[in-house]
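Everything below concerns the one structure shown next.
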There are 2 protein chains.
Amino acid sequence: MARYEEIAQDLRVLITSGEYPPGAALPLMRDLAEQYGVSDITMRRAYGLLTGEGLIESRGRSGTFVREHPDRLRLTVRTRQMERDELGYYSGPETQGWRPLQLPDGEQTQVVTLLVPADIADTLGVAPDTRLTVRRRLIGDPDVETHRQLADSWLAPWVAEELPLLSGRTGLGGMYDRLEEWGSQPLQWREEISARMPSPEEAAALVMPSTGVPLLRTLRITYFAEAGPERVAEVQDIRMSAAVFALGYPLPRGESARWPVEPATGDYYQDPPEA
Amino acid sequence: MARYEEIAQDLRVLITSGEYPPGAALPLMRDLAEQYGVSDITMRRAYGLLTGEGLIESRGRSGTFVREHPDRLRLTVRTRQMERDELGYYSGPETQGWRPLQLPDGEQTQVVTLLVPADIADTLGVAPDTRLTVRRRLIGDPDVETHRQLADSWLAPWVAEELPLLSGRTGLGGMYDRLEEWGSQPLQWREEISARMPSPEEAAALVMPSTGVPLLRTLRITYFAEAGPERVAEVQDIRMSAAVFALGYPLPRGESARWPVEPATGDYYQDPPEA
DNA sequence: CAGTGGTCTAGACCACAAC
DNA sequence: TTGTGGTCTAGACCACTGA
């Protein structure tokens, strides 16, 4: 084990045992380096390791502290609201005050053409290197800056072709109604939850550290399945800080619904970074 | 922006634009350092940043590569099986071959007394610094070393007192039946999903990198609610690599079930690291 | 203005991978 | 054997925080 790993391990024990409780200040890097008889840089690596694990955080030039575990918002999906609403996010009493926020470019809704993330391409049934139009929104609590979610809506090409829905004043809520009329069958929804590290842009938009805290990601999939094989109409990609949110699902008693379980592909972020 | 961040950004663009596709080898650190006219260490930091984001990985001494996104297993819970089964994990056709694996100490089931993670203490209704007995298992596919889940079962103190269940040959499956008899009401289940970075021990047990890939975490909560306020009997803490697993939930049509939504507390790993 | 973390360099040695 | 990433050091300067 490398020296910096040993030191990190020492600190880990002190932190998880409660010696340094959440919020406590850690010793100065310089002091500890001297104590251990290692160089500045080696000590920094030890601290860096723990930062990457989400155990500690350095606050600018005022010290290094044990990370507090903030309360997490437990969110549940409400299907009925989803059917009416055009906002792609989790709702409930705790999200009453939520509204669209400004994206980095100053808009509330951004419509751009991007490379489709690998797992969404897979779900939509398009080639992995396809570019599609995506509708992006940032939604959250204007008063609590960390309570926000970034939501992308990807429409299947056949939907975009069949229905002139994206334009004008037809919200997504209206779209679901129209789709059901058009397909003469009810839509179904499912969600697939995963996690990965955020891109710098995502971290900035969601006001979360870009290291130590993962992104919790929900793919909300809208599809027809009643007649014949599954036909995916839309995939919403909802991203939020895993330090701030937890997602809840009731488990119905008895046999739960199932769907095809072919392996999904993973993804990593595909947003075009500003070069 | 620091020099190493600029360089990382350059590489990010090359990777997400497909210039360096998944699996491709990145230039040697030494070469790039020379090209950019920076020191070795600065270039290492740039690479380290991208590693922490999960974009690239270095394979020992054979080079640095763009991370492949492996197929993710999409898992669904089957409630019926859960009622019968004593194994705390997600099941379905793709987990047919799964069985208990050996924990680092060589056992299949480890029963130890540990500090309760903050969010589980909260759910169980015990003080944050309580120590409780936990039953730990590692379950997975013996043939695919990354297909594994680490599951801890925490019993509420009142359950441990009321029923002599932990000992002997009474599995958890049996426990649920007995609990329902005892309480003369059906048990209910819900799941709360979150993510955080793994501890080194968790990363080792789950055969995942300890950096760049988050841990996907499910709290499966067993409780009585029919008569009076909610009474939590057990919390299972199921952890898996977010690069390998995604969790799926069907959304029932209409009003979905709800439960109390007080903020949950966050957690970080509390396992006793070997000092 | 002192304290503290952030960045950067030049140079060195090691250990394992792949041939 | 060579290539490659991993680790470590001593020393320096910067920039923001907070008294």
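Residue numbers start from 1 in every chain, and the chains themselves are labelled A, B, ... in the order their sequence lines are given, proteins ahead of strands. Keep in mind the model is a prediction, meaning the values are calculated, not measured. Just so you know, these numbers use all the heavy atoms, side chains as well, and skip hydrogens, waters and symmetry mates.
For A/Arg30, the side-chain hydrogen bond (donor to acceptor under 3.5 Å, both in side chains) test picks out no residue, with sequence neighbours left out. Residues satisfying the side-chain hydrogen bond (donor to acceptor under 3.5 Å, both in side chains) test with B/Glu68, not counting sequence neighbours, are none. Not a single side-chain hydrogen bond (donor to acceptor under 3.5 Å, both in side chains) links B/Arg131 to another residue, sequence neighbours left out. The side-chain hydrogen bond (donor to acceptor under 3.5 Å, both in side chains) search around B/Thr109 returns B/Arg137, not counting sequence neighbours.
Classified by interplanar angle (parallel below 30°, tilted 30° to 60°, perpendicular above 60°), the ring pair B/Trp98/B/Phe245 is perpendicular.
Both B/Thr64 and A/Met43 lie close to DNA chain D; mapped to their nearest nucleotides by heavy-atom distance, the more 5′-ward contact belongs to B/Thr64. Comparing A/Gly37 and A/Arg44, the nucleotide of DNA chain D nearest to each residue sits closer to the 5' end for A/Gly37. Mapping A/Gly63 and B/Ile41 onto DNA chain C by nearest heavy atom places A/Gly63 closer to the 5' end of the strand.
Taking atom CZ of A/Arg3 as the reference point, atom P of C/dC14 lies 18 Å away to the nearest angstrom. A/Asp40 places its CG atom 10 Å from the P atom of C/dG5, with the value rounded to the nearest Å.
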Name each donor-acceptor pair under 3.5 Å that joins a side chain in residues 43-51 of chain B to protein atoms two or more places apart or in another chain, with its distance.
{"residue": "B/Arg45", "atom": "NH2", "partner": "B/Tyr4", "partner atom": "OH", "Å": "3.2"}
{"residue": "B/Tyr47", "atom": "OH", "partner": "B/Pro27", "partner atom": "O", "Å": "2.7"}
{"residue": "B/Thr51", "atom": "OG1", "partner": "B/Tyr47", "partner atom": "O", "Å": "2.8"}

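In this structure, B/Tyr4 reaches the sugar-phosphate backbone alone: every heavy-atom distance under 4.0 Å involves primed, P, OP1 or OP2 atoms, never a base.
When DNA chain D is scanned 5' to 3' for any atom under 4.0 Å from a heavy atom of chain A, the first and last hits are D/dT7 to D/dG18.
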